[in-house]
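Input: a single structure, listed below in structure tokens.
Note that ligands are numbered from 1 as they come in the structure, with each ligand's atoms numbered from 1 the same way.
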Amino acid sequence: MLGSLQMARRNVLSIIPKIATTQPMVSGKTGKRWHMVMDPGAIREILLDRLEDYPKSDVTKNLLRPAIGESLFIAEGAHWRWQRRAAAPVFSQRNVRNLAPVMSAAADRSAKRIAAAGPRAVNMLDEMVTTTFEVIGDVTFSGDGTFDRDKVHGAIDDYIAEAGKISLFDILGLPDWLPRPGRMMSGQALKQMKAMADQAIEARVARGHDGTPDLLDLLLEGEDPKTKRRMNTGELRDNLLTFIVAGHETTALTLAWSMYLMGFDPEMQARARAEVRDVLQGRACTGDDADKLPLVRMIIDEALRLYPAAGIISRTAQKHDRLCDREIRPGDTVMIPIYALGRNELLWDDPDAFRPERFADRKAIDRYAYLPFGDGPRICIGASFALQEAVIILATLLGRFKFTPVPGKDPEPVMILTLRPEGGVWMTAEPLD
Ligand code: HEM
């Protein structure tokens, strides 16, 4: 067990047992009692029917609180509900569609960087992280001179990397020998990042907005229809930083894994490119184009099944309960390994195969067998934003380059907080005319 825990320190995938892909539930005890639930009915109970009995795990909250406060991602009860109601319109279909030009422009810049790097191989993971950070930076604090995008990007990425290592040990109930979040990023660095965001918000309030409203403008207008409550500067800042933390790396990973999978399936890549070139005729993909690219969307859906960026989500049970006829006690950690769910033999045909067409008929897919964005009231608020962004970027790049994996540079799937291709996704990009 100790050996596998040592491995788990580097990679949570090593502790998701193989039986998690053949069983509805696996339980164990490593300091704390824990359960991994793969049964769609039991997952529905946790995420939908008994939300209050299964709040997000203390581990998740303690880790993220120093950076993002009591924001939407970690708040519970009434404090979560009013924030969710106030933020919901920010991500309406119309508002997300209005932000598509920011995504198309970032995709176009990415294509130019890749072309300039050629004929060298490009690490598409790093390239996608840069591109999605440009998008989220441009739709939050854009145009506000006081906000140093590179500084915040570096600070957030360091925080996520360190937080992930600790979370795993906490989930497993292991001794507390690693530094705590407060020490990972000095109090000073956190304070500086928040002060920068506060200044940017106050500058925006003073200036008002012109042109298309971005996420900050929309959140400033947000009001909970029930309580009429609006967010103050601190709440706005915590939620905008949450969007940056929750939104950019996850989307970048989805794109990097999609590229990786297409590298292994040149025929699928060629089919997707034919679809893209037919619609785009060489230009960057727009929001309206994104609706006309079903195969590109299916590739992203399939990448999210095989390599879900949020590979595991966890809750702390509050009450005695039974799930799949097993005892749950208050304090037990209940994990939903989204990764194992997507590869579960009871739920999918040929689960390890890359077959985007399985998403051609979405109604045929059990809702609780496919949860890349979670489900229930706490489902990812940014899902349609992320999917639109991923289609726009992937389509733009596919229309301009043929991608081939670099031999001997296979990434290793490593899950800490997110599921990453360790070593990067190295590809040569051959420009097309
Ligand atoms: C492919 C990209 C993304 C993936 C795979 C993803 C995945 C998830 C998952 C699985 C959850 C639920 C966590 C849980 O129940 O414990 C979640 C929640 C959340 N996500 Fe995303 N996400 C993505 C992109 C985004 C984007 C772009 C944003 C914002 C701009 C965002 C903001 C949030 C927020 C605020 C929550 C918490 C919602 C609540 O608790 O009410 N995510 N995400």
| task | Flag the pair Phe243 / Phe385 as yes when their ring centroid distance falls below 6.0 Å, and as no otherwise. | result |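 So the answer is no for these two rings.
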| request: Measure from NZ or CZ of Arg343 to the centre of the six-membered ring of Tyr307, then state whether that distance is under 6.0 Å and the direction lies within 45° of the axis. | output: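 Satisfied, under 6.0 Å and within 45°.
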| Stacked cation flag Arg305 on Trp348, 6.0 angstrom / 45 deg |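 Yes, Arg305 sits over the ring of Trp348.
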Protein contact of [atom] - nearest heavy atom, named by residue and atom, plus distance:
atom	result
atom 38 (C) of ligand 1	Arg84 NH1, 3.3 Å
atom 26 (C) of ligand 1	Gly247 CA, 3.4 Å
atom 32 (C) of ligand 1	Ala246 CB, 3.6 Å
atom 24 (C) of ligand 1	Thr250 OG1, 3.6 Å

| Any idea which part of Lys56 is under 4.0 Å from ligand 1, heavy-atom wise: side chain, backbone, both or neither? |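 For Lys56, only side-chain atoms sit under 4.0 Å from ligand 1.
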| request: With heavy atoms under 4.0 Å as the rule, classify the contact between Glu249 and ligand 1 as side chain, backbone, both or neither. | output: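 The answer is neither.
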| request: Check whether more than 12 heavy atoms from other residues, nucleotides or ligands sit under 6.0 Å from atom CZ of Arg322, and answer yes or no. | output: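 Correct, the count exceeds 12.
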| task | Could you please spell out the steps behind the side-chain contact (heavy atoms from CB on, under 4.5 Å) verdict for Tyr339 and Leu419? | result | CA-CA 9 Å; Tyr339 175 86; Leu419 178 56; 3.5 Å; yes
Nearest non-hydrogen atom to [atom] belongs to which of [options]?
atom	options	value
atom 8 (C) of ligand 1	Ser57, Cys380, Ala88	Cys380
atom 28 (C) of ligand 1	Pro377, Gly382, Pro55	Gly382
atom 10 (C) of ligand 1	Ala309, Pro372, Ser314	Pro372
atom 37 (C) of ligand 1	Phe73, Phe373, Tyr54, Trp257	Phe73
atom 14 (C) of ligand 1	Arg315, Gln83, Arg378	Arg315

| field | Where Met128 and Ile393 come nearest, the two heavy atoms and their spacing | value |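 Distance-wise, the nearest heavy atoms are SD-CG2, 3.8 Å.
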For [X], atoms of ligand 1 separated by under 4.0 Å from a heavy atom:
X	answer
Gly374	10 (C)
Ile381	34 (C), 35 (C)
Thr254	1 (C)
Ile313	13 (C), 14 (C), 15 (O), 16 (O)
Ala386	1 (C), 2 (C), 24 (C)
Phe385	27 (C)
Ala310	10 (C)

| query | Do Lys56 side-chain atoms and Phe73 backbone N/O form a donor-acceptor pair below 3.5 Å? | reply |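 Yes, the answer is positive, given that a donor and an acceptor are paired below the 3.5 Å cut-off.
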| request: Would you sort out whether Glu127 and Ser110 count as a side-chain hydrogen bond (donor to acceptor under 3.5 Å, both in side chains), showing the intermediate values? | output: CA-CA 7 Å; Glu127 177 52 41; Ser110 170; 2.8 Å; yes
| task | Tell me yes or no: between the side chains of Arg113 and Thr131, is some donor less than 3.5 Å from an acceptor? | result |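 Yes, side-chain donor-acceptor contact under 3.5 Å.
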| request: Answer yes if the side chains of Arg97 and Gln93 hold a donor-acceptor pair under 3.5 Å, and no otherwise. | output: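 Per modelled atom types, Arg97 and Gln93 side chains form no pair under 3.5 Å.
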| query | Going through the checks in order, is the side-chain contact (heavy atoms from CB on, under 4.5 Å) test met by Asp289 and Val276? | reply | CA-CA 9 Å; Asp289 295 330; Val276 164; over 6 Å; no
